[in-house]
Structure formats: structure tokens, C-alpha cells
Student: 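Shown below is the structure under consideration.
Letters A, B, ... are given to chains in the order of the sequence lines, protein chains preceding strands, and every chain is numbered from 1.
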Protein chains: 2
Amino acid sequence: MPDDAGAPGAGARMRDVAQRAGVSPMTVSRALRDPSKVSPAVLRRVEEAVRAVGYVPNRLAGGLSSMRTNVVGMIVPSLDNSLYSPTIQGVSAVLHASGYQLMIGECGHRVEGEEGLIAAFLAQRVAGLMLHDTRHTAEALAMLRRAGVPVVETGTLALDPLDMVVSYSNEAAAQAMTLHLHRLGYRRIACVTLPSAGNERSRERQKGYRAALAVAGLALDPALVLEMPPGLASGAEAVVRLLQSAAPPDAIFFAGDVLAAGALFECQRRGWDIPGQVAVAAFDDIDILRHTVPPVTTLRLPRAEIGRRGAEVLLDRIEGRATGRVAVDLGFEIIQRGST
Amino acid sequence: MPDDAGAPGAGARMRDVAQRAGVSPMTVSRALRDPSKVSPAVLRRVEEAVRAVGYVPNRLAGGLSSMRTNVVGMIVPSLDNSLYSPTIQGVSAVLHASGYQLMIGECGHRVEGEEGLIAAFLAQRVAGLMLHDTRHTAEALAMLRRAGVPVVETGTLALDPLDMVVSYSNEAAAQAMTLHLHRLGYRRIACVTLPSAGNERSRERQKGYRAALAVAGLALDPALVLEMPPGLASGAEAVVRLLQSAAPPDAIFFAGDVLAAGALFECQRRGWDIPGQVAVAAFDDIDILRHTVPPVTTLRLPRAEIGRRGAEVLLDRIEGRATGRVAVDLGFEIIQRGST
DNA sequence: TTGTACGCGTTATCAT
DNA sequence: ATGATAACGCGTACAA
């Protein structure tokens, strides 16, 4: 292998830059990481040498030596829909602005998947982790504790946070919406969620729904509580099953995914009037719900803000600006529209 | 903070495992990376020691030593909508199945943003890169060439691919849809795209539209070509402007984002009949377009497949199973529905 | 302000 | 099948 400076795959090392600039590698290191620590003349020569040889620092070596990296890991339940996009985008924006990189993993709603990803991320020596789920395997907890890595959970305001939390309360939000429907005069309120098995958020939403019924003095009719898989088609199926039952509801609260949109489109197809025949409320603040006919009453959730604030508190800890645990409740908002 | 075996952040190293298992670090390394290279008895002792000390390998060190990593970088124009989700998910699934990690960057549709991310990814010594854009700065190209990293471009079938390409032809797709509208009898066909400045895909789609008009023998009316920013509201605005003009179109081809859905909802609100008053066709195969009333004619693009195949050809190169350049055309499909 | 010596945790290479 | 040794490229700590 010829010691040609431009051999394919043979990237320039710091010492090549140093040699060309007529200084020691250590000076190059300093010039790159804190320019104020070298003389202006040397800085200029180093920068020139960097450009000349096309030097790209090796963060594997840097990280190994300094015991810190600029990579943050993030684990979301799924990437196949847009629900987590705003949060990912918020995280990404804040991290990149501070010179950090984002590593993303998809655990497929399974805690074992999460455990594997956590192991992989810790192997990369990530500086911090953002976890959407709030349930974890015992082994995952043990690894996180041993590693001592800062963690932010974002899926819901957990009761027993692992470390830091930035989110809103799924239970409070579901309760608020159910009570909102009650205030509007609806008395047989159905609730449709995603499968609650292994999904803490679905369980919390059901809990909030039941709490609201209790507060409102309404009886809980099990026939009015449905769990459906994600997707527009599921929402359509749910509304048909509920409205064609013996005792149909006068309002349906779709507490998950795009179920409400699917139900609405199905009603349009069948000519069922909304909110005349049945009122429809949604949980997720997705864009289409504002533009349908009628537009859908829903909750405005701070998804992007969760990403931004989550990344911020994480960076505060990573960079030593803060030390304690943090729990940030970013709240939610009810958006009343034509569907109720 | 419970301070147990090991100071905070002081994870077990390979030599701790080795000591506990009564072997050398090298044997541990082998046991972990290729169990068939050590005796069964030693393997068992090593595995036990790994569990006992909670060992998590350090891939920074491993990567530095072996000169290879298991991280792939991916750069998308934006993360704030669901358009790239299927592709990301496809990439993620294939990578994780092969033990690779995905690092994601969002360049905000700017080539300078892409350049910065490429530099950051190369600094992490990524094993390969997936780039959605097909336009890059000169400096980015130089860095990629010097690094010799395998690259897959996915945004469109580029004429002069940097390395490998897995995509479909935006131009061919736009031409096909325009001709489809012509075959259906429409004669004044409008075309709405995202801003073409800095967006090669928008330009290609306009090119395909114009090519189709030429083939069909229709004149190009500049008043029928609009560029709008992304978003449902833009689609609504576009349809209003076009239909309230002096010479309105009889069909509109929305070649970007969720513009078609926005237009459709606006027509519902105003009581404009689709396709009676105006036909509507879309480019993106997003879920809602199948469920609206009427459902929207659109192209089915192989977005998830692009991610999967892209990751596959990338891994083939990374792992030395293939060497040459590859250009995979995954094609597209026209889905005729009620809106045309 | 700049340089020297050493170590970060792992793997390649060669030896046993 | 297993071990010893020497990198990998950079940053920390200290010296000049």
C-alpha cells in the first residue's frame, strides 16, 4: 500500500495535518476544539492544512480518549406513521444546533426490542437517551443504571420516572376530553383506544375516560369501550360496530392513532351525520383533522415541544448545566370543532 | 444515586470479563464476535462473566481498532411530516436485522445542511450513507470520494449517480399520471408542485408533466402550472386560485406533499363536485387519499421498498458481497380512484 | 502558547 | 484453541 496521501479509504489523520502545519498533533487538536487556545497564526496554518488534506476528525478515537461522545440515542415505538415525526424533528433540531448527532431506533412497541436497542446504544457510548416508552425490562433498567447515562422519557408523565420526564398526562387529557363531551350534553360516550396490552398510554387514556365518567356520574358500559389496532380502517370498523349495536353511543372518543379520521370518512361514505347522529372526538392533533368536513374536535398535544424540551433537559444534564431529576408537564389543549 | 459495583459511568471492560472468566481479553473478544472460535467450556464461562459484570462492549474502541463500524447514516430533507417515514422504517428494519444502527440527519432541504451532516457522519466513521437528495455541494462530493464510503441515493433515479441509486423516476411517474388524465378525457390539465428551487424532484415532475402534454398534443398553459409550499392549506389555496381563474382546468395533478388532500377538503367545504367540476389526482400514496370521499387517484410509490432495498444494496457493499455500482428502478403504479 | 508521554478499550497479527 | 504484543487516532495531564 503506497503511502500516498490520497489513497482510497486512507483518510488523513491529525498528525498529517500537524506535519503540514508545522506543529504537533496536540496543537491541531486544540485548534480544532478551542481555537482561542492557539495563536492566530498557528490557527490559520492549521485550518489551511485541514482543508488541504481534507481532514475529517475521527470521533471514534476522540470519544474513546475523552470518554464522551456527541451522539444521543432515541427509541420510538414505531416509524411507520407520522405520530412521532414532530417529536423526532424537535429532538433533531435541538441536538444538531448543539453539535450532537441523533441515533434512532424503532422498538416495534416491544420492551424486548427496546432492551436490545438500549444495549446497542450503550455500546456506542451515547451521551444520553430519549425513550418514548415508560415501561422497560428489568435488564434494560439495570443496564441504564450501570451506565449512568442521562435518560428522558417522553411518552407520558410517568409515576415513577426512570430519570427525567418531559411529556403530558395521557390520563388527564383523556379525562378532560371525556368531560368536555359531557359538558356538551352527550350522555352515552364511547371510547376507542389502541390495544392496551403493553401500551401504557392506552391504559392511561382508558383510565382517564373512566375517571371522567365517574366524575360526571355516568355509568360505565363495557360495550362502549373498544380496543382497535392502528389505522384508518380500524376507525371505520369501530364506528360501524358501535352505531349498529343495540344501544349506540351519542358520542365517540377516539383515543389513539388516526382512528377518528377513519371513522369520519366511513360516516361520509355512509351518509351518517356528524355530529347529528354521533359526535366524534379525537386524541391526536394530526393535521388532517383540522381540514375534514366537519373538522374534528381533538386535543392539541405538544409533540414537537416535547422533543425540543426533552432534548434541552437532556443536554443540560449531559453538559453539566443541571444535575437533578426533572419532570416537565407540557400540558395539552382541547380544540373544539364541528364534529361535536 | 446508589453507588454499587463500580463508580458511576465506570462500566466493566473486556479485561474485567476476561479476568473473571480466567482467560485473556482476546479470547473474550473472540467468544463475543465468533463463538465458534472458542471452546464450548470457555464460551460458557465468558458468557457467565459477561452477565455477572454487566458487560457492554465499547464499539468506539472496537471501531477504532477494526477500522469499521456498524453505523449507517441517513439524511432526509425533513422529518416534520410522514413522507419519509416509510423509507426510514424500511432502512431501519433491514439494518437492525443485520446488527447495524441508524443515524439520522435532517438537512432542511438545503445542500449546505447536507454537507454538514455528511461531515459529521464521516467523523463517526459510518459504514455507509443513505442520501435522499441527489444534489450535493462540491465539498460534500469531495469528502465522500476521499472517504470512499458506500452511498445510496434514494430521492429519484439520478442521471449521474454518485454511487448507487435505489428509487423510481419522478419524471416518468409525473408523465404517466398526466397521460392517464389525458386518456380519461381531460384536456386542460393543471399541475401543482412544491417549489422547484433546490428541489430536483419537483423539477423532474414538472418536466414529466410537460413531456406528457407534448406527447398528448396539448399546449402548455403557464397559468396552469403552480408552485406551492407544503401543507394542506396550500392545496386548498391552489384549487381555489385555479378554479376561480378566467380559464379553469378540468383536472388538477397535485404532484407533491399532501396538496391533493388539502384541495379535496376545500372542495368539500365549498360544495365543488369532484370529479364533476374538476378532477383531482395526487402524486404521493399517503393513506388518507384512499379513504376520502371520493378517494383520490394517485401514484403508488415504493417508499418502504426503497428503504429496504436501499439498505440491502448498501449492506451488500459494506460487507463485500457486491462491488459495482447499482441502479435499481423500483417503478411506480397508477391507482385509479373516484376523483378522476 | 506549545509539546511530550501515556492511556482510552478493543482488534489484527503472529506466536504458541 | 488461546495468548502476547502492537497498533487504531485522539485527548488528558503535565511539563516546558
Student: Please tell me if A/Tyr55 has a side-chain N or O lying less than 4.0 Å from either OP1 or OP2 of D/dC10.
Tutor: yes
Student: Listing time: all N or O pairs from protein to nucleotides 12-16 of chain D that are below 3.5 Å?
Tutor:
unit_1 : atom_1 : unit_2  : atom_2 : d
D/dT12 : OP2    : A/Arg33 : NH2    : 2.9

Student: What is the distance, rounded to the nearest whole Å, between atom CZ of A/Arg15 and atom P of D/dG9?
Tutor: 7 Å
Student: Looking at side-chain heavy atoms only, is the closest gap between A/Val46 and A/Arg30 below 4.5 Å?
Tutor: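 Result no, sub-4.5 Å side-chain heavy-atom pair not found.
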Student: Round to a whole Å and report the spacing from CE of B/Met14 to C1' of D/dT5.
Tutor: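 Rounded to the whole Å, the gap is 16 Å.
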Student: Please determine whether the number of non-hydrogen atoms from other residues, nucleotides or ligands lying under 6.0 Å from atom CZ of A/Arg309 exceeds 12.
Tutor: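 No.
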Student: Would you find a donor on one side and an acceptor on the other, under 3.5 Å apart, between the side chain of A/Glu153 and the backbone of A/Leu162?
Tutor: yes
Student: Do B/Glu48 and B/Arg51 sit within salt-bridge range, that is, some charged N less than 4.0 Å from a carboxylate O?
Tutor: no
Student: On DNA chain D, compare the nucleotides closest to B/Leu64 and B/Val42; which residue's is nearer the 5' end?
Tutor: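 Nearer the 5' end of the strand: B/Val42.
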Student: Using the closest heavy atom to pick a nucleotide of DNA chain D for each, name whichever of B/Val38 or A/Val56 lands nearer the 5' end.
Tutor: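 Whichever sits nearer the 5' end wins; that is B/Val38.
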Student: Under a 4.0 Å threshold between the charged nitrogen and the carboxylate oxygen, would B/Arg135 count as salt-bridged to B/Glu112?
Tutor: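 No, this pair does not count.
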Student: I'd like to know whether A/Glu114 forms a side chain to side chain donor-acceptor pair (under 3.5 Å) with A/His136, so could you lay out the CA-CA distance, the side-chain angles of the two residues, the decisive distance to 0.1 Å, and finally the verdict.
Tutor: CA-CA 7 Å; A/Glu114 192 195 54; A/His136 320 281; 2.7 Å; yes
Student: First and last nucleotide of DNA chain C touching chain B, 5' to 3', heavy-atom cut-off 4.0 Å?
Tutor: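 Contact span on the strand: C/dG9 to C/dA12.
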Student: Would the distance check show the side chain of A/Asn70 and the main-chain N or O of A/Tyr100 forming a donor-acceptor pair, the cut-off being under 3.5 Å?
Tutor: no
Student: Once you round to the nearest 0.5 Å, how far does CG of A/Leu79 lie from CD1 of A/Ile88?
Tutor: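 Between atom CG of A/Leu79 and atom CD1 of A/Ile88 there are 5.5 Å.
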